[in-house]
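Chain A is the first sequence line, chain B the second, and so forth, proteins listed ahead of strands; every chain is numbered from 1. Worth knowing before you read on, the calculation uses all heavy atoms, side chains too, and leaves out hydrogens, waters and symmetry mates.
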Amino acid sequence: MQLITCPWCGPREETEFHYGGAATVPYPADPAALGDDAWARFVFVRPNPKGPATEQWSHAAGCRRWFTAVRDTRTHRFLATVDIQPEVPR
Amino acid sequence: MSRVDGYGWAIDRSRTVSVTVNGRAYTGHPGDTLASVLFAHDVVALGTSVKYRRPRGIAGSWTEDPTGLVQIEEPFPEPMLQATAVEITDGLVARGVNGQGRLAQVPDHARYDRLHTHCDVLVVGAGPAGLLAARDAARAGADVVLVDDRPTPGGALTGTERIEGRPAREFVADTVAELATHPGVTHRQRTTAFGHYDDGFVLALERRTDHLRDAPTTRSRQRVHRIRAARIVIATGAIERPFVFDDDDRPGILLASAARDLLHRHGVLAGHDVVVATTDDSAYAAALDLAGAGARVRVLDARAAVPTTWAARCADAGVPVEAGTTVHGTRGTERITAVVVGDDRAEVPCDLLLVSGGRNPAVHLFSHVGGPLAYDEARGAFVPGGELDGVEVVGAASGAVDPLEEMPPLVLWRTDGDPARQFVDLARDATVADVARAVGAGMTHLEHVKRYTTIGTGHDQGKTSGMLAAGITAELLGRPVAGLGTTTFRPPYTPVAFAALAGRARGELFDPVRTTAIHDRHVRLGAEFEDVGQWRRPRHYPRPGEDMTAAVLRECAAVRGGVGILDGSTLGKIDVQGPDAEVLLDQLYTNLMSTLKVGRVRYGVMCGHDGMVVDDGTVLRLAPDRYLITTTTGNAAAVLDRMEEWIQTEWPGLRVRLTSVTDHWSVFAVVGPRSRAVVGRVFPDVDVSNEAFGFMTWLDTTLDGVPVRLARISFSGELAYEVSVASEYAPALWDRLLAAGAPEGITPYGTETMHVLRAEKGYPIIGQDTDGTVSPHDLGLGWAVSKKKTDFVGKRSFARPANHDAARKQLVSLLPTDATTKLPEGSQIVSFCDAGALPPPPVPMLGHVTSSYHSAELGRPFALALVRAGRERVGEVVHVPVGTTLVPARIGGSVLVDPEGARRDG
Amino acid sequence: MTTTTAPPTPPGAHLPEHPDFLWRNPEPKRAYDVVIVGGGGHGLATAHYLARNHGITNVAVLEKGWLAGGNMARNTTLIRSNYLWDESAGIYEHALKLWEGLEEDLGYPILFSQRGVLNLAHTEQDVRDSVRRVEANRLNGVDAEWLGPDEVAKVCPIVNVSDDIRYPVQGATFQPRAGIAKHDYVAWGFARRADEAGIDLIQHCEVTGFTTDGDRVIGLRTTRGDIACGTVALCAAGHTSVLLDELGIPAPLQSHPLQALVSELLEPVHPTIVMSNAVHVYVSQAHKGELVMGAGIDAPTGYGQRGSFSIIERQMAAAVELFPVFARAHLLRSWAGVVDVTPDASPIIGCTPYDNVVLNCGWGTGGFKATPGLGWCLAHTTAHGEPHPLVAPFGLDRFSTGALVDEHGAAAVAH
Ligand SMILES: Cc1cc2nc3c(=O)[nH]c(=O)nc-3n(C[C@H](O)[C@H](O)[C@H](O)COP(=O)(O)OP(=O)(O)OC[C@H]3O[C@@H](n4cnc5c(N)ncnc54)[C@H](O)[C@@H]3O)c2cc1C
Ligand SMILES: [Zn+2]
């Protein structure tokens, strides 16, 4: 029942949001170059810190934008939410 | 009768109300509770205790009471309410409970609903502190919500106090009246804030009808208020607690504050011969009030000295006060007849024992949201021990000392006696002996003690007993209370009916029902429906006398032999636009979409990062920078979400935008060898010949000026056209297609026939023939996996060792060799069986039947199955346990009808 | 004045007594042959079987809070073995067989009540998945039946099997041998036996780090001093990642809040256990008469032992939808644990890159039922330095090879 601050819409009910997991594991630049262990780490392993976690959320029932958030997993408090900056397409 | 004149501001003596308790009729007045009616009739015993079957009465005057539990029988059964908190209405029937409540055997047709409120300030509790906080906020112009759980405002005020120079009731009335003049103020009584969550969110339950005689049936019985407040003022007061002594559970033992409450609110004198046993000043007021109302009262103060002003007032009132004395036990059977007092264990006759052992600030709401609690050594209670943003605790809830207090309290948990007869938690029949056993067993943490003894798990959730258990445990361990572990409270503050929390989310409103634009047509055609995700889809259209098997066989034959029509509108549709649309689709589909030419259609498969199939569908290239993709019905939202996530988080620079157009477009599949004639008739301007309009192409046309899209896509192997139109025109288009198809005998068909037809062709249904552990190669869809692309989602996982296991399960067909048994879907497949019998378990399994149907075309049942190394086993006979028999079945290739693909062009 | 005649004690409204002695509270020694990190059900069961099956008793169980106060104290006690895949059926059925004799083994009234579990099917696909699981269970020697709606109503008359609900019940799988037990009693039963065997149960002792020497962990840093160890068995459930981060072992675990709730005590109305994946609720009526309910995890991760109330509201709606008679039952208390969830909804058990560290985690929402079976197998793994055959398929390496044991992909149910 938290309020989450969407960088686009402002504070909204948590039930409007979708949790998208860790924001710190990008898709590998060249998956074919990875061994089975390294690939498994990308597919399955995500940080699971007890404390601040950098995560992806989307305002699924609102503007539908994804953003990055830093949330303390001990308290569920959001420490920051920021828009994702576009990068040059690969 | 123990009603006294001149008291009872909460009751309306001009009217009487009749209720039945434990089979006996009683009368009371509007404003009474079950508890006050019983006390008015000198009834103190109500039920029996859960474990020792001891008589139990009422020990409090509101939701703190651990023992006076009733089962409501009329007007509608409700288990386990506190007699102290049930307002009476005519015809109410209740009985004391013996540990377990009873649920109604009939559905509850009452309404329950929710209301959302946003405000600047929420004040919880309309006692003096709450009223003042609400008034201050209102005067400052804030939007204020004030909620209070009791029927009337005023909190613990008895009416004898003076506030702001006025009698307390006047102060309350004036303040409430002033609040009503502020347009920004909402004030609700009978509304319990039961849960406090992050960021100023509070859930409060309003009881709206039970206290009314003739509530309109349209009025919701209970309402959950969902209140979001910028600031929350917790003014929930404090809860008096007793202390523990021998036989402290006897009916006729009451909290001192409760007796005062009964007197002033309800005009009930709870006893005539009263002993007050106290450890603090607060009980003196009770003693004086009861004496003033005509009772014989004597006070035992456990402290070595007594507060002089109070004692003097007692002397004036003829109330003897003894210092350094307390109660050690009680006598009586159904009701207390005497207390055992002092070191010499003298017996003092009485019919009511009032106990006051200190106060527990009602810090529950503060604690719900993580507010830290600290143990106040001097008062023997947990108080707010830190700050919370946007939350303020005021009045008695904050641990503030009563201004009338002269002398500090004595922290006393129990007096000397027989631990086995000293009840700590009356609700759970748990004694000091139980606590002692727990400690003796090695328990050092309060949580362990509570679990060992079950203290605090009763209906009142330990509102009075929790602190006693902590104190007694600490004493037994010889440790400070603060060292026993942190206390936290969790919602709900008081119990809440399941139905109230469910609200209106029941039946059709439990989850939205989605229907297509021509749902009424399906209903008129007599369709049987099936739930697919939230959608309700026609499964088949039985004719009179047909069961599903007969209807589906007929529909299948009609399609393969003539023409059928399917409402395919529920398929997910996503409009993908932008210069990088092809980059995105190449990454998400296993096959190449960038090479797809405008005007053409391609089947595509999507995998997860783990290389397992998650969805499939067709992709239409509408323009160099625009595609329309379809998804399975159940996965539409998930696929859109995946795609959005990819373009917003992985490759946020991609110039591409996605729009769901699932509901925008209605799609009808016109299928079968006669489909060309039907479509040609409806769209005379379109050249529907195979040469002009080939397989896996699409074109746009119009019908009476309305844009229509046609596509040559087939999910049955037959010649087929998908006809799409904006949903507002869908009914008209459907009607036209049916009318045009009448000469061909066009047959509407449902999902079941669609499934049979696709299965005959070996086309998998994602989610039915797959389960998240199946790769495209397992499905025989290796042809749809690009070898040219250096990467796409899932590709790297195809290289893992398990993906190359020769024993992987593959999609194949299964034909029962008897040509008559339809294998149940879900059946397991075994290879070896000796003389028709299975070996003892565990029996190795080869796979399972994913789809199974009667085929009109084949004239026999057939199945699809995932079988270990299935493609290598084609021709092999395996066995399928069906009930008690083993059905032999031959493995075949997955395509059973028209393996050459001769039919798709008509 | 009215009198109330004392009726007989309602069945179960109170519970059997605990023994007079449970455990010592020893000071930690400076070294043990085996150190088990985490005094939940799994850690305590492992300790018991180390002593009972392998004669290893120079063992400490280190618990950061109060003993068995984590998920063991918070779970809804469903016990069943009707899992889909052979690997799962193997370990869960081994556990169920142990449950059937556990009361005797522990000499503790653990209130194991085999009242059966119904897993409801609400869609055609649910039906297929259910039949598939029933058939697989039978071939694996696990008792299982498929019941139509009428038979469901016979087993549990209060389930609404009519068509007037949003997702009508199409049938259910039924495992008669499934049941519930009293979680604290189970934990304390194991703890008492371990203590009797001389194993030290050390509370308020958090492991904060490890001292390593090459491929071995030689000591643990704790809030009660350093402790040297022969072998380390990690049984920290929701907190496993915190320890694995210290050891530098990457593992696919996410810690999520999982909530549960109880009603007040009610006369018996619900004779079995009902689970519904499609409408997201499961319910049993525990020994004293309270309805015990749960649903799914909260989507975001979290270590706070606190979940979102929206999940509870949703499960209330589901409960009243499926069981109309529950309308006026009351939510009395709700709580949450922290469950360690894996990508394939199966546990991770076995060896680690450190020679003397064995790992047990990832049981997510469903590890209570495994308690004795896991304890048995992990004790074996610890004693022999090699995975017990029943847990061998659950090694960490399966994520690299792709040989997952995907229980949710197979639409089986959690808990
Ligand atoms: C609400 C809920 C309902 C559930 N329902 C069911 C169910 O119905 N059926 C079922 O089978 N399962 C259920 N489960 C899952 C089950 O509870 C868990 O899978 C199981 O309890 C995990 O094993 P455990 O008992 O050892 O865990 P825990 O009891 O959590 O034990 C782990 C212990 O490790 C301790 N620890 C952690 N880190 C450290 C450290 N650094 N140092 C020292 N100690 C540490 C913790 O304090 C904790 O006591 C449920 C779980 C929850 C939360
Ligand atoms: Zn937004």
Side-chain angles (χ1 to χ4, degrees), chain A residues 1-6 11-25 28 31-62 66-81, chain C residues 64 206 208 236-246 248-257 259 297-314 334 336 338-346 348 353 361-362 364 395-404 406:
Chain A
M1 305 302 200
Q2 281 179 275
L3 285 181
I4 299 176
T5 303
C6 169
R12 292 289 187 278
E13 289 286 338
E14 82 182 38
T15 49
E16 293 182 14
F17 293 83
H18 165 82
Y19 170 73
T24 51
V25 186
L34 299 181
D36 286 340
D37 286 341
W39 175 245
R41 269 206 288 287
F42 163 70
V43 176
F44 297 117
V45 179
R46 294 291 176 276
N48 188 25
K50 184 178 184 180
T54 306
E55 303 173 333
Q56 301 182 146
W57 287 76
S58 99
H59 190 188
W66 284 79
F67 57 91
T68 303
V70 180
R71 187 178 62 104
D72 189 328
T73 62
R74 290 167 300 196
T75 59
H76 302 190
R77 307 297 311 170
F78 282 77
L79 308 176
T81 57
Chain C
K64 74 180 166 72
E206 178 167 3
T208 55
H239 280 77
T240 303
S241 293
V242 179
L243 292 167
L244 292 182
D245 285 351
E246 287 290 324
I249 302 173
L253 291 171
Q254 295 283 287
S255 297
H256 292 270
Q259 306 184 65
I297 56 170
D298 279 44
T301 58
Y303 285 87
Q305 291 189 335
R306 201 156 67 94
S308 173
F309 197 73
S310 55
I311 306 256
I312 298 223
E313 290 176 308
R314 190 68 193 157
S334 64
V338 181
V339 297
D340 41 336
V341 174
T342 63
D344 60 356
S346 284
I348 299 170
C361 61
L396 201 44
D397 58 339
R398 72 178 186 270
F399 298 97
S400 296
T401 63
L404 274 58
D406 197 342

Report which part of [X] has an atom under 4.5 Å of a heavy atom belonging to chain C: side chain, backbone, both, or neither.
X	value
A:R46	both
A:E13	neither
A:T15	side chain
A:Q2	neither

Let me confirm one number: the [atom1]-[atom2] distance from [X] to [Y], rounded to the nearest 0.5 Å.
X	Y	atom1	atom2	result
C:D344	A:F44	CG	CZ	7.5 Å
C:T301	A:E55	OG1	CD	5.0 Å
C:Y303	A:N48	OH	CG	3.5 Å

Less than 4.5 Å apart, side chain to side chain, heavy atoms only: is that true for A:E14 and C:S310?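 They are in side-chain contact.
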Top contributor to chain A interface from C:P257, C:G402, C:A251 [non-hydrogen pairs under 4.5 Å]: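 Going by pairs under 4.5 Å, I would pick C:A251.
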Of the listed residues (C:D397, C:L253, C:L244, C:V242), which shares the most heavy-atom pairs with chain A below a 4.5 Å separation?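 Counting heavy-atom pairs under 4.5 Å, the top option is C:L253.
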Which pair of non-hydrogen atoms, one from [X] and one from [Y], has the smallest distance, and what is that distance?
X	Y	result
A:D36	C:S400	CB-O, 3.8 Å
C:P250	A:V45	CB-CG1, 4.2 Å
A:H76	C:G304	NE2-N, 4.1 Å

Side chain, backbone, both or neither: which part of C:L396 has a non-hydrogen atom closer than 4.5 Å to chain A?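 Neither part; nothing is under 4.5 Å.
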Which one wins on heavy-atom pair count under 4.5 Å against chain C: A:K50, A:M1, A:R74?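 Maximum pair count with chain C is reached by A:K50.
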